[in-house]
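Below, each value reflects all heavy atoms present in this structure, side chains not excepted, and no hydrogens, waters or symmetry copies. Sequence positions, counted from 1, serve as the residue numbers for this chain.
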Amino acid sequence: MTINEDHNCTIGFIKDKRSKIIIAASGMMTGGRVLEYLKHYVVNGRNTVLIVGFQAGGTRGRVLLNKNHEVKIHGRYYPVNAGILEIQGLSAHADQLELLKWIRKFKKRPKQIFLVHGEPGAQDALRVKIQTELNLPVKIMKQNQDVLLFTCNSLKNSNLP
């Protein structure tokens, strides 16, 4: 299916005024066809937006979960009249215990752990856990921060085949 056909299909669903359930996978509602559906359905109090999975701060998904009265899509504000419901516990992300268990399974201990994803409070809590329970150095990365992981000389002196 081409992008044009895909878009026409979405518009076709929107123009069809019969009752329906639309499943639109878009993570945190930052892009994709879910935005077209939201523009048309979030304004109507007869509709429900069911959110499944984690929604980070600053995303449309979090805006809706925070019960804001409007949501910005493509530069325009839409009133949120639809019911907003959430199903928790279906996130594809590992939790703190799962991550600690995964790190413990390494045959060769990592020299450094870099945390690059997650809410700041959760990242800091994981950092403390890894440092205290596994005695490993942990760095919480900032956006666009560079880290030198290896040099050509370090590769030559390694045990790599």
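Cluster membership check: F114 does not share its hydrophobic cluster with W102, using side-chain heavy-atom separations under 4.5 Å among Ile, Leu, Val, Met, Phe, Trp and Tyr. Each of V128 and L97 belongs to its own hydrophobic cluster when Ile, Leu, Val, Met, Phe, Trp and Tyr are linked at side-chain heavy-atom distances under 4.5 angstrom. Linking Ile, Leu, Val, Met, Phe, Trp and Tyr whenever their side-chain heavy atoms come within less than 4.5 Å puts V43 and V63 in one cluster. Follow the hydrophobic side-chain contacts under 4.5 Å out from V147 and you never reach L115; the two are in separate clusters. Both I51 and Y78 are assigned to one and the same hydrophobic cluster, defined by single-linkage of ILVMFWY side chains at heavy-atom distances under 4.5 Å.
Note that CE of M28 and CG of L65 are 11.0 Å apart. Values are rounded to the nearest 0.5 Å. The distance from atom CG of L126 to atom CD1 of I130, rounded to the nearest 0.5 Å, is 4.0 Å. A distance of 7.5 Å separates CD of Q55 from CD of E86, quoted to the nearest 0.5 Å. Taken from CG in L100 to NZ in K129, the straight-line distance is 7.0 Å, to the nearest 0.5 Å. The CG atom of D16 sits 12.5 Å away from the CD1 atom of I11 when rounded to the nearest 0.5 Å. If you take CG on L64 and OG1 on T59, they are separated by 8.5 Å, rounding to the nearest 0.5 Å.
Few gaps surround NZ on K17; more than 12 heavy atoms of other groups in view lie less than 6.0 Å from it.
Ring geometry for Y37 against Y41 counts as parallel: the plane angle stays under 30°, on a 0 to 90° scale with 60° as the upper cut.
For R109 (side chain) and L134 (main-chain N/O), a donor-acceptor pair under 3.5 Å exists by modelled atom type.
Under the 4.0 Å criterion applied to side-chain N and carboxylate O atoms, E36 and R33 are not assigned as salt-bridge partners.
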Evaluation steps, side chain to side chain contact (heavy atoms under 4.5 Å, CB included), between K72 and R60
CA-CA 8 Å; K72 186 177 181 182; R60 285 182 195 90; 5.7 Å; no
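Using a 3.5 Å distance cut-off with no hydrogens or angles, the side chains of R127 and Q131 do pair a donor with an acceptor.
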